[in-house]
Amino acid sequence: MNSKRKPSRPASTSALHDTSESRSRKRNRDSSIDKARLEEETKKPDFKLTIPDSLKGLLVDDWEHVTKNRQIHELPRETTVDKILNDFKESRSDKGEVLDEYIRGIRLYFNKTLHTQLLYRSEHDQYDQLFDGNSDQQQKPSSIYGAEHLLRLFVEMPSLVVETNMDADTLLDIREKLEATLRFIQDHERDYFGTDDQDLHAK
């Protein structure tokens with residue numbers, strides 16, 4: 001006598017529904033995790049500097065001299081970036097390792113970015129003549145260039161700083177020091193910037 005095989009019982013509707021819901025929840029959870037990760041990776045901190053109006057005017061004048069009038073600054077400058085940073089350091093009451101690190105950082109940023117980000121096209125030949133294509137030589141740009149080019153660095157600093165991994169407290173401290181440096185430069189405009197065209201010559 002042949003025994004009849006019992007047909008397999010189909011999965012209940014509720015079981016299928018539970019399985020579908022579970023998979024849907026997992027997909028949504030994975031999607032949320034991916035979205036959060038993407039937002040975290042692409043999120044950039046808001047970092048803005050307040051540049052005094054008088055210094056903005058000097059930036060515009062500098063741009064016109066170099067790009068429109070085809071003039072370049074006499075080098076080396078009498079007051080160099082190194083001297084300005086040292087003057088700022090000496091003016092501070094918070095001398096110490098934190099301030100020293102800040103000064104070293106600004107000097108490093110200046111020396112690393114001058115050729116690629118801070119010079120106008122007509123200034124590149126002058127740079128190449130000074131350094132002969134060797135930016136690793138002992139004399140650094142910060143010991144030759146002056147306030148005009150240092151000011152250009154401050155315009156670029158927000159985009160440079162947000163590429164770092166600094167935490168919010170460090171970013172706040174850096175911004176305060178950068179703005180203090182700008183105010184210090186503003187207070188010494190007559191000392192640090194050439195008057196009229198005396199420090200410029202035709203390219």
Side-chain angles (χ1 to χ4, degrees), residues 47-67 71-120 122-124 126-127 129-131 135-161 164 166 170-201:
F47 190 93
K48 296 179 181 179
L49 286 180
T50 300
I51 299 178
D53 288 341
S54 63
L55 297 186
K56 289 179 181 178
L58 290 172
L59 282 164
V60 173
D61 291 343
D62 180 42
W63 176 81
E64 289 184 345
H65 285 313
V66 179
T67 63
Q71 297 173 306
I72 56 177
H73 295 280
E74 294 279 2
L75 296 176
R77 306 296 283 146
E78 181 177 348
T79 303
T80 64
V81 171
D82 283 341
K83 182 180 186 330
I84 294 169
L85 293 177
N86 287 334
D87 288 351
F88 172 72
K89 176 182 173 181
E90 291 304 313
S91 73
R92 301 284 290 185
S93 60
D94 58 343
K95 295 181 182 66
E97 182 56 34
V98 173
L99 181 61
D100 290 345
E101 185 176 350
Y102 165 77
I103 297 296
R104 286 194 297 269
I106 296 300
R107 184 179 288 114
L108 179 62
Y109 269 121
F110 183 84
N111 290 330
K112 291 292 186 181
T113 62
L114 176 71
H115 189 232
T116 57
Q117 293 179 250
L118 306 184
L119 295 181
Y120 295 119
S122 58
E123 296 176 308
H124 280 271
Q126 182 187 43
Y127 177 94
Q129 291 171 10
L130 286 169
F131 293 97
S135 60
D136 293 327
Q137 67 185 49
Q138 188 172 0
Q139 193 174 31
K140 296 297 183 183
S142 59
S143 67
I144 298 174
Y145 288 81
E148 297 83 4
H149 292 84
L150 178 59
L151 205 52
R152 297 181 200 174
L153 174 66
F154 282 89
V155 175
E156 300 295 329
M157 281 306 295
S159 60
L160 295 171
V161 168
T164 67
M166 296 180 191
T170 302
L171 286 174
L172 180 61
D173 182 63
I174 291 296
R175 185 174 66 186
E176 289 175 348
K177 284 185 169 60
L178 288 171
E179 292 183 344
T181 308
L182 285 167
R183 291 191 298 271
F184 176 82
I185 293 173
Q186 181 187 32
D187 290 341
H188 295 81
E189 283 182 30
R190 291 180 179 273
D191 300 321
Y192 293 160
F193 293 89
T195 58
D196 299 323
D197 295 340
Q198 68 179 27
D199 295 316
L200 293 158
H201 63 84

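Index from 1, following the sequence. Hydrogens, waters and symmetry mates are skipped; everything else that's a heavy atom, side chains included, is used.
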Would you say the side chain of [Y] lies within less than 4.5 Å of the side chain of [X], judging by non-hydrogen atoms?
{"X": "Ile174", "Y": "Thr170", "answer": "yes"}
{"X": "Gln117", "Y": "Leu160", "answer": "yes"}
{"X": "Leu114", "Y": "Leu153", "answer": "no"}
{"X": "Lys140", "Y": "Val81", "answer": "no"}
{"X": "Gln186", "Y": "Ile51", "answer": "no"}
{"X": "Leu150", "Y": "Tyr192", "answer": "no"}
{"X": "His115", "Y": "His124", "answer": "yes"}
{"X": "Phe88", "Y": "Leu99", "answer": "yes"}

**Prompt:** Using a distance-only test with no angle check, is there a side-chain donor-acceptor pair under 3.5 angstrom linking Ser54 and Glu189?
**Reply:**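 The criterion, which ignores hydrogens and geometry beyond distance, is satisfied for Glu189 and Ser54.
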**Asked** Would Ser143 and Asp82 count as having a side-chain donor-acceptor pair, cut-off 3.5 Å?
**Response** no
For [X], which residues count as a side-chain contact (heavy atoms from CB on, under 4.5 Å) partner, sequence neighbours excluded?
{"X": "Thr67", "answer": "Trp63, Tyr120"}
{"X": "Glu176", "answer": "Leu172, Asp173"}
{"X": "Pro158", "answer": "Phe47, Leu49"}
{"X": "Glu78", "answer": "none"}

Checking [X] now: which residues fulfil salt bridge (charged side-chain N to carboxylate O under 4.0 Å, His left out) with it, not counting sequence neighbours?
{"X": "Arg152", "result": "Asp62, Glu123"}
{"X": "Asp87", "result": "Lys83"}
{"X": "Glu101", "result": "none"}
{"X": "Asp191", "result": "none"}

**Request:** Please answer whether the main-chain N or O of Glu90 pairs with a side-chain N or O of Lys95 as donor and acceptor at a distance below 3.5 Å.
**Result:**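 Confirmed, Lys95 side chain pairs with Glu90 backbone.
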**Asked** Are the side chain of Thr80 and the backbone N or O of Arg77 linked by a donor-acceptor pair below 3.5 Å?
**Response** no
**Request:** Give the intermediate values and the outcome of side-chain contact (heavy atoms from CB on, under 4.5 Å) for residues Tyr145 and Leu118.
**Result:** CA-CA 11 Å; Tyr145 288 81; Leu118 306 184; over 6 Å; no
Only counting residues at least two apart or in another chain, list the ones meeting side chain to side chain donor-acceptor pair (under 3.5 Å) with [X].
{"X": "Thr181", "result": "Tyr102"}
{"X": "Asp94", "result": "Arg92"}
{"X": "Ser159", "result": "none"}
{"X": "His188", "result": "none"}

**Prompt:** CG of Leu151 to CG of Leu59: how many Å apart, nearest 0.5 Å?
**Reply:** 4.0 Å
**Pairwise distance CG(Asp61) to CG(Leu55) - rounded to 0.5 angstrom** = 11.5 Å
**Message:** Strictly below 4.0 Å, N to O, side chains only: are Glu97 and Arg104 in salt-bridge contact?
**Reply:**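 Here Glu97 pairs with Arg104 in a salt bridge, since their nearest N and O are under 4.0 Å apart.
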**Request:** Identify the heavy atoms of His149 and His73 that sit nearest to each other, and give their distance.
**Result:**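 Where His149 meets His73 most closely, the heavy atoms are CE1-CD2, 3.7 Å.
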**Item:** Stepwise side-chain contact (heavy atoms from CB on, under 4.5 Å) test for Val66 and Glu148
**Value:** CA-CA 11 Å; Val66 179; Glu148 297 83 4; over 6 Å; no
**Message:** For a side-chain contact (heavy atoms from CB on, under 4.5 Å) check, start with the C-alpha distance between Glu156 and Thr113, then their side-chain angles and the critical distance, and finish with the verdict.
**Reply:** CA-CA 9 Å; Glu156 300 295 329; Thr113 62; over 6 Å; no
**Prompt:** Stepwise, does the side-chain contact (heavy atoms from CB on, under 4.5 Å) test hold for Met157 with Ile106?
**Reply:** CA-CA 9 Å; Met157 281 306 295; Ile106 296 300; 4.2 Å; yes
